[in-house]
Amino acid sequence: MIIKPIIRRNICINAHPLGCAAQVRAQINYVMDREKIVGPKKVLVIGASNGYGLAARIVSAFASNAATIGVGFEKPGTASRTGTAGWYNIEAFRQEAEKAGLPAWNVNGDAFSEETKSNIFDIIKDKLDRIEFLVYSIAAPRRIDPATGEIYSSVIKPIGKPFSASSVDFLSGVISEVSAEPATAEQIAHTVKVMGGEDWMLWIEKLLNENLLARGFKTIAFSYIGSEHTRSLYRDGTIGAAKKDLERKAEHINNMLTAIDGNALISVNKALITRASAVIPAVPLYTALLYRIMKDKNLHEGCIQQMYRLYHDFLFSGNSPKVDAKGRIRIDDWEMRPDVQREVAALWKEIDQENIGELADIRGLREEFLRHHGFGMPGVDYSQDVRPNMF
Ligand code: NAD
């Protein structure tokens, strides 16, 4: 089959297996060209098939020679239909790790479920004895509570007042006004249940009970704060409520880990276009302006650059990581620089349908988004016939 991208409303519904493998290799090459990091050697990454989690696993393996277990929740390809990008990414990672002599195990399953947790615990017991580092990088639309079977869905809505702002369809470049009504109390609670810290805490609690965490164990989860332009929808909205819960849970986890000298951390990451963030209203327009300013200032980073800097400069630099007043690592530091935010705000006021191509990095955003799905990778022949179920 010849595979070309199919995108609807900022969602790409297919992926290219060879292109995904090429973008995984490009991230590995980025890491291989850099200084090695003295980091943990036994690592579990939950949400390892895309975005930040995939990049973190690549840094763990290829910069610090770790054996890794990666969990993703992806759909395989069939003879007539492509799999999800993450399906190809995680397998491409495993193959590259194997070639490099780095042990790697993949689990495709719902990380919220008891079954996936117990599959992973078996792999740890069998292969690694105990893990030293756990990266929690899930972006999920729903969660089935393992205790009750109840289904919770997350929503992206403001809290307390309606939200309206400009947004962009980054495929067509068309700007439109989007609006969202405030979330109900139930929607807020459900979003916190899905995207908050409860499941992260459950993982740590269960791993601790099973004696599967090494002394000095560390864990990290990712949060986002962002600019004034997205604040009322994001940080002050339902997802922000979930992120605040995640940040609070880090404190509980820290208390749980004192017995093994362990440590739970939050990293506030930069806004990037990934499968998850592309569907948040107003975020693509903000991100397109941010990319333009950060590229002009030579400050732009993608997932792999962010994760390498997180490991190299903060987590495993040999010193305690620099944190903000709330104890969070801030690798959104360059995004939040006052000059960057000031210039984004100035462009935001000027932007219209006429000048969007010039003022915003719509092209960069589109290219990066397509690369997350294996399209537009240099060296891949997109005219060749490929089998969507090749891996
Ligand atoms: P992504 O969509 O690229 O990746 C999400 C990962 O979660 C995938 O590997 C997917 O398979 C996995 N996943 C989803 N549901 C799952 C389930 N039920 N079981 C197992 N795995 C599941 O997302 P991303 O943008 O890399 O986001 C990762 C984390 O980083 C999220 O917590 C997100 O809020 C945070 N973050 C993202 C940004 C951004 O701009 N993209 C910025 C700051 C923080």
Side-chain angles (χ1 to χ4, degrees), residues 10-12 15 20 23-24 44-57 69-75 83-91 93 106-117 119-120 135-146 151-154 156 191 193-197 199-200 203 220-227 230 234-235 238-240 242-247 249 266-280 283-284 286-287 290-291 301-304 306-307 310 328-332 335-336 365 368-369 371-373:
N10 291 354
I11 298 175
C12 185
C20 287
Q23 70 89 15
V24 169
L44 168 60
V45 181
I46 302 171
S49 53
N50 267 309
Y52 278 121
L54 171 65
R57 189 182 191 192
I69 304 172
V71 189
F73 198 26
E74 304 290 345
K75 281 208 186 86
T84 49
W87 177 266
Y88 302 129
N89 292 339
I90 202 166
E91 176 55 18
F93 170 89
N106 289 340
V107 173
N108 191 50
D110 180 2
F112 299 133
S113 73
E114 291 292 343
E115 190 193 351
T116 302
K117 288 185 173 72
N119 286 345
I120 303 281
V135 179
Y136 190 86
S137 184
I138 283 192
R142 71 189 61 82
R143 172 174 174 211
I144 303 175
D145 186 314
I151 300 175
Y152 295 87
S153 294
S154 67
I156 301 164
T191 306
K193 190 86 182 170
V194 180
M195 285 295 285
D199 181 62
W200 182 29
W203 271 95
I220 195 158
F222 302 135
S223 191
Y224 183 66
I225 296 175
S227 84
T230 52
Y234 194 99
R235 186 68 190 183
T238 48
I239 296 281
K243 290 299 181 194
K244 286 170 199 157
D245 179 75
L246 183 81
E247 292 171 19
K249 291 291 192 300
I266 291 286
S267 169
V268 182
N269 296 356
K270 171 186 190 260
L272 279 176
I273 208 72
T274 61
R275 282 167 61 85
S277 65
V279 295
I280 305 180
V283 164
Y286 166 72
T287 313
L290 182 74
Y291 277 25
E301 296 174 298
C303 291
I304 196 69
Q306 279 263 292
M307 288 298 104
L310 173 68
R328 304 168 297 198
I329 293 174
R330 300 298 298 265
I331 54 165
D332 64 342
E335 171 183 353
M336 299 314 287
L365 209 72
E368 190 170 308
F369 180 75
R371 281 199 300 272
H372 280 304
H373 298 84

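First listed ligand is number 1; within each ligand, the first listed atom is number 1.
The backbone N or O of I151 sits nowhere less than 3.5 Å from a side-chain atom of R142 that would complete a donor-acceptor pair. At distances below 3.5 Å, not a single donor-acceptor pair connects side-chain atoms of E114 with backbone N or O atoms of P146. A donor-acceptor contact shorter than 3.5 Å is absent between the side chain of W87 and the backbone of N108. In this structure, S277 contributes its side chain and T274 its backbone to a donor-acceptor pair below 3.5 Å. In this structure, the side chain of T191 does not engage the main chain of I239 through any donor-acceptor pair within 3.5 Å. A donor-acceptor pair under 3.5 Å links the side-chain atoms of K270 to the main chain of E301, judged by distance alone. Using a distance-only test at 3.5 Å, with no hydrogens or angles considered, no donor-acceptor pair links the side chain of K244 to the main chain of G196. Looking only at distances, a side-chain donor or acceptor of H372 sits under 3.5 Å from a matching main-chain atom of I273. Of the possible donor and acceptor atoms, one in the side chain of E335 sits under 3.5 Å from a partner among the backbone N and O of A271. Here the side chain of N269 pairs no donor or acceptor atom with the backbone of F222 at under 3.5 angstrom.
The residue R143 has no part lying near ligand 1, judged by heavy-atom distances below 4.0 Å. When non-hydrogen atoms are compared, ligand 1 lies under 4.0 Å from the side chain of T274 (C-beta onward) but not from its backbone.
Residue contacts with ligand 1: K243 is included, with a non-hydrogen atom under 4.0 Å away. Using a 4.0 angstrom heavy-atom cutoff, G109 counts as in contact with ligand 1. Residue A48 places a heavy atom under 4.0 Å from ligand 1. The closest approach between K270 and ligand 1 falls below 4.0 Å for a heavy atom of the residue.
At least one N or O atom of L272 sits closer than 3.5 Å to an N or O atom of ligand 1.
Nearest to atom 19 (N) of ligand 1 by heavy atom, out of A139, A111, A140, is A111. When the heavy-atom distances from atom 43 (C) of ligand 1 to S223, S137, A271 are ranked, the shortest goes to S223. One option in Y136, F222, Y234 has a heavy atom closer to atom 30 (O) of ligand 1 than any other, and that option is F222.
If you number the atoms of ligand 1 from 1 as listed, the ones under 4.0 Å from a heavy atom of S277 come out as 40 (O), 41 (N). Under a 4.0 Å criterion applied to the non-hydrogen atoms of G51, ligand 1 contributes the atoms 3 (O), 26 (O). Less than 4.0 angstrom separates some heavy atom of F112 from each of these atoms of ligand 1: 18 (N).
Nearest to atom 18 (N) of ligand 1 among the protein's heavy atoms is D110 OD1, 2.9 Å. Nearest protein neighbour of atom 11 (O) of ligand 1, counting heavy atoms only, is E74 OE2, 2.7 Å. Atom 38 (C) of ligand 1 has its closest protein heavy atom at Y52 CE1, 3.6 Å. In terms of protein heavy-atom proximity, atom 12 (C) of ligand 1 is closest to G47 CA, 3.8 Å. From the protein, the heavy atom lying nearest to atom 9 (O) of ligand 1 is S49 OG, 2.6 Å. Scanning the protein for heavy atoms near atom 22 (C) of ligand 1, the closest one is F73 CB, 3.6 Å. With respect to atom 1 (P) of ligand 1, the closest heavy atom belonging to the protein is N50 CB, 3.9 Å. Of the protein's non-hydrogen atoms, the one nearest atom 31 (C) of ligand 1 is I138 O, 3.3 Å.
Of all non-hydrogen atoms in V283 and T230, the two that sit nearest each other are CG2-CG2, 4.0 Å.
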- Message: Quick one, E247 with R328, criterion salt bridge (charged side-chain N to carboxylate O under 4.0 Å, His left out). Give me CA distance, side-chain angles, the key distance, then yes/no.
- Response: CA-CA 8 Å; E247 292 171 19; R328 304 168 297 198; 3.0 Å; yes

- Give the intermediate values and the outcome of side chain to side chain donor-acceptor pair (under 3.5 Å) for residues Y88 and Q23. CA-CA 10 Å; Y88 302 129; Q23 70 89 15; over 6 Å; no

